Amino acid sequence: MKALFNSSPIPPLKIKPRIPNPKTSLQFPISFTKRSRSTIKVILESAAIDELPDIRNPAVSTSYRNPKLRRPNQTVLDAQTKVCTGPTQTKPLNAEQAFKVLDTILKSVKGELKDEDEVSNAQLGAFFAAMTIRANAFPEPTQWSEGERKAMTYYWPHLVRVLPPDIIFLADPEGSVMGFGSSIGPRFLGNGTSEMRLVGALREVLAGGHLGYEEVQGVLRDVLPLSLEDKKSASVSESLLSAFLIGQRMNRETDRELKAYCLAFDDEHGPAPIADVKSLTHYGEPYDGNTRYFRSTLFVAAVRSCYGESCLLHGVDWMPPKGGITEEQMLKFMGANTHLNPMHAKTLLEDEDVGFAYVSQREAQPSLYSMIGLREHIKKRPPLATTEKVQQIVRAKGKEAIVAGFYHGGYEESLLMLMRRRGVHSGLVVKGEEGALSMTTRLKSPSASKGLPVNYCSGFRSLNETSSQAVDGVSRESFNIVVNAKDYGFEPTDTPRTDRSVTRNIELGLAALRGEKGPTYDRIVLNAGMVDHLLGCDGAQDITSALDRAREAIDSGRALNRLLNYIKISNKVI
């Protein structure tokens, strides 16, 4: 390594008059508009909301962030946005930016910055690991800029006197990156068995290398779960763990590394329960939610459950970096129980009046959930952002399928690989809006970004006949398609905006399930019918029939009743 310094609508629901119960009535935020408050309240009150617990939920996605989490330093976080990314996406800092960042780090380490202005160890780990990987393994355009070299030449002699050994190791693991010899990095071993294992793995990662399946799983199982309350009892420092996570993403994970992340905590609560259903679709929405557009999956699940396509949703209440609207936020706002474990989900999946369920990562995989705070300080998405979408929290006696959203090109193949590894009958990846699962009826903009277009779908499905394409004992056919909604009779419409408003997303979804025609209704129908068709579901071989089936589930009122039943019954299963 060279030294860088030198170089048709249903009728309205009938509402029974009642006296509001202050202990059970939904308490809507003041900012919630009169019309939307009325829409949601009327529908929910029809569902015997008296039996639900007291709920006081915020209306925007940002308010679901855990207030106990410490916020990162914004100056360094802005720099991480630029440098903690891939070999072609990284944007080197100019001199002004680099000097500002290193000055902030120096002041923080010297104790001159307090509270949220202080740079966390996780930020230090991610930032310096990123700088080292860029120096060692990135192509010339994304290596250090002249401004970064000048800033480091000036600040490193001061930083090396005050930085802790683990950060010095990350910044200069071989004693050569910084332009003059240093024995701290080469001699650093870590404290304790777990940290020593992590340091050994990091030496490979910081050099741009890759790890084996068992090596990655060993590290993860050593260090998780993290403790939010008592960081002193942690088995490894946050700086080293954040460096490991961001480093593996910057190096673009191999298949074996992704499989290790995907499968590491499958058995955290023992074997997954098996639901007695003929078909089960696992929905893998990006956990960090939607910040701009309507998120349809919860309402699609209610539709598909009406005709025997059971759906299992999973996610979190809030997740960085986007901190957008999630299914958990919507369900919680509407009064559903969001603390169900996999066995509770099995019960709801098997219930003939429900047929879908949601499980929070908090309940299913607490070890992974414990890293939310750390992930905020890493800034960029770690490998987990890909693998957590491909989980089987509950299994099925019948056929299983996984559907996952993606945004960045290349990860569609990784996701499909993980689905095949899971042994499901069918798998589907969708480049929906915001990288989520929602296909749109909007026409493609002439100024659309490069790469795969929105509504691109790729996947595989099982075959009934014998085929030479058998993998893991299952015969499959692969497909790729860009869904043009206009080809299936949908009028082009702009996607409804939600802009982090949980209540707006709920209002749109409930109005559509009541049969109100328009862009939201069309999106729910499109996403339900198209997923049925692409996964090869029974009765969906003909796309027109699949779409008509979805419309009937809505127009008959059955889909809305399924959602209302879920809200009620989820509060009774515990």
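This is a predicted model, so every value here is computed, not measured. Values reported hereafter were calculated over all heavy atoms of this structure, with side chains retained and with hydrogens, waters and symmetry mates removed.
In this structure, K397 places its NZ atom where only 12 or fewer heavy-atom neighbours from other residues, nucleotides or ligands lie under 6.0 Å away. Annotation: I274, atom CD1; neighbour count of heavy atoms from other residues, nucleotides and ligands within 6.0 Å does not exceed 12.
Side-chain contact annotation: D522 with T441, donor-acceptor N/O pair under 3.5 Å absent. The closest side-chain donor-acceptor pair between S360 and T338, if any, does not fall under 3.5 angstrom. For the 3.5 Å distance criterion, the side chains of Y261 and Q248 qualify, holding a donor opposite an acceptor. Judged by distance alone, the side chains of H339 and E363 do bring a donor and an acceptor atom under 3.5 Å apart. Under the 3.5 Å distance criterion, with hydrogens and angles disregarded, a donor-acceptor pair is assigned to the side chains of Y358 and E328. A donor atom on one side chain and an acceptor atom on the other are not found under 3.5 Å apart for E433 and S438.
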So E285 and K389, salt bridge (charged side-chain N to carboxylate O under 4.0 Å, His left out) or not? Walk me through it. CA-CA 6 Å; E285 283 276 21; K389 294 184 288 189; over 6 Å; no
Determine, stepwise, if the pair N527 / L437 fulfils side chain to side chain contact (heavy atoms under 4.5 Å, CB included). CA-CA 8 Å; N527 283 277; L437 280 170; 5.6 Å; no
Side chain to side chain contact (heavy atoms under 4.5 Å, CB included), that's the test. Do I402 and L428 meet it? Break it down for me. CA-CA 6 Å; I402 298 178; L428 174 65; over 6 Å; no
For Q541 and H533: C-alpha separation, side-chain torsions, deciding distance, then whether side chain to side chain contact (heavy atoms under 4.5 Å, CB included) applies. CA-CA 6 Å; Q541 289 78 12; H533 176 68; 5.6 Å; no
Derivation and outcome, side chain to side chain contact (heavy atoms under 4.5 Å, CB included), residues Q329 and T326: CA-CA 5 Å; Q329 292 171 10; T326 66; 3.3 Å; yes
Would D317 and Y287 count as a side-chain hydrogen bond (donor to acceptor under 3.5 Å, both in side chains) if you check the C-alpha gap in whole Å, the side-chain angles of each, and the deciding distance to 0.1 Å? CA-CA 9 Å; D317 45 358; Y287 277 25; over 6 Å; no
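Checked by atom type and distance alone, the side chain of Q392 never pairs as donor or acceptor with a backbone atom of E400 at under 3.5 Å. In this structure, the side chain of S279 does not engage the main chain of G398 through any donor-acceptor pair within 3.5 Å. Looking at R65, its side chain never comes within 3.5 Å of a backbone N or O of G323 through a donor-acceptor pair. Within the 3.5 Å criterion, the main-chain N or O of D353 finds a donor-acceptor partner in the side chain of N565. The backbone N or O of M343 sits less than 3.5 Å from a side-chain atom of T347, completing a donor-acceptor pair. A side-chain donor-acceptor contact under 3.5 Å links H344 to the backbone of N341. Between the side chain of S305 and the main chain of S310, no donor-acceptor pair closer than 3.5 Å is present. Listed for the N571 side chain is a donor-acceptor partner under 3.5 Å among the backbone atoms of I567. A donor-acceptor pair is defined here as one N or O able to donate and one able to accept, closer than 3.5 Å; no such pair exists between the side chain of R395 and the backbone of P273. A distance-only check finds a donor-acceptor pair linking the side chain of R562 to the backbone of V354 [under 3.5 Å].
The shortest side-chain heavy-atom distance between L313 and H282 does not fall under the 4.5 Å cut-off. When side chains are defined from C-beta on, L224 counts as touching L226, because their heavy atoms get closer than 4.5 Å. Side-chain contact check for K399 versus L280: every heavy-atom pair is 4.5 Å or farther apart. Using a 4.5 Å cut-off on side-chain heavy atoms (C-beta onward), P519 and Y521 make no contact. Inter-residue side-chain proximity for T291 and I325 is flagged as unmet; no heavy-atom pair is nearer than 4.5 Å. Residues S458 and L416 are in side-chain contact: their nearest non-hydrogen atoms beyond the backbone lie under 4.5 Å apart. Taking the side chain as every heavy atom from C-beta outward, L312 and Y283 never approach each other to under 4.5 Å. Looking only at side-chain heavy atoms (C-beta outward), K346 and I393 stay at 4.5 Å or farther from each other.
Legend: residues meeting side-chain contact (heavy atoms from CB on, under 4.5 Å) with A401, ordered by chain and number and at least two apart, are T281, S426, L535. Among residues two or more places apart in sequence or in another chain, the ring-ring contact (aromatic ring centres under 6.0 Å, His included) test is passed with F406 by none.
Across F479 and G427, no two heavy atoms sit closer than the pair CZ-O, 4.3 Å. Taking both residues in full, the closest heavy atoms of V430 and M439 are given as CG1-CG, 3.7 Å, listed atom of the first, atom of the second, then distance. Of all heavy-atom pairs between L258 and T387, the closest is O-CG2, 3.3 Å. Here the shortest heavy-atom pairing between L340 and V359 reads O-CG1, 3.7 Å.
Using a 4.0 Å cut-off between a side-chain N of Lys or Arg and a carboxylate O of Asp or Glu, D532 and R549 qualify as a salt bridge. The pair E327-R295 meets the salt-bridge criterion, since a charged nitrogen lies less than 4.0 angstrom from a carboxylate oxygen. Under the 4.0 Å criterion applied to side-chain N and carboxylate O atoms, E376 and R70 are not assigned as salt-bridge partners. Looking at K431 and E412, no side-chain N of the basic residue comes within less than 4.0 Å of a carboxylate O on the acidic one, giving no salt bridge. A salt bridge is absent between R442 and E491: the closest approach of a Lys/Arg side-chain nitrogen to an acidic carboxylate oxygen does not fall below 4.0 angstrom. Under a 4.0 Å N-O distance rule, the pair R504/E507 qualifies as a salt bridge. In this structure, R461 pairs ionically with E477, as a charged nitrogen and a carboxylate oxygen lie closer than 4.0 Å.
Separating the NZ atom in K322 from the CZ atom in R500 is a distance of 8.5 Å, to the nearest 0.5 Å. A distance of 10.5 Å separates CG of N337 from NZ of K332, quoted to the nearest 0.5 Å. Distance check: L452 CG to Y411 OH gives 14.5 Å after rounding to the nearest 0.5 Å. Rounding to the nearest 0.5 Å places NE2 of H408 at 12.5 Å from OG of S414. For the atom pair OH (Y488) and CD1 (I543), the distance works out to 6.0 Å, reported to the nearest 0.5 Å. For the atom pair L263 CG and L220 CG, the distance stands at 11.0 Å (nearest 0.5 Å).
Aromatic rings of F356 and Y566 (six-membered ring for Trp) have centroids within the 6.0 Å cut-off, being under it.
Of the candidates Q391, M417, E388, R421, C262 forms a side-chain contact (heavy atoms from CB on, under 4.5 Å) with just one, namely Q391. Only one option out of R292, R523, E434 pairs with T495 in a side-chain contact (heavy atoms from CB on, under 4.5 Å); it is R523.
For the pair R497 and F294, the NZ or CZ position fails the cation-pi test of under 6.0 Å to the six-membered ring centre and within 45 degrees of the ring normal.
Residue pairs meeting the salt bridge (charged side-chain N to carboxylate O under 4.0 Å, His left out) criterion with at least one partner in residues 254-267, sequence neighbours excluded, are D266-R422.
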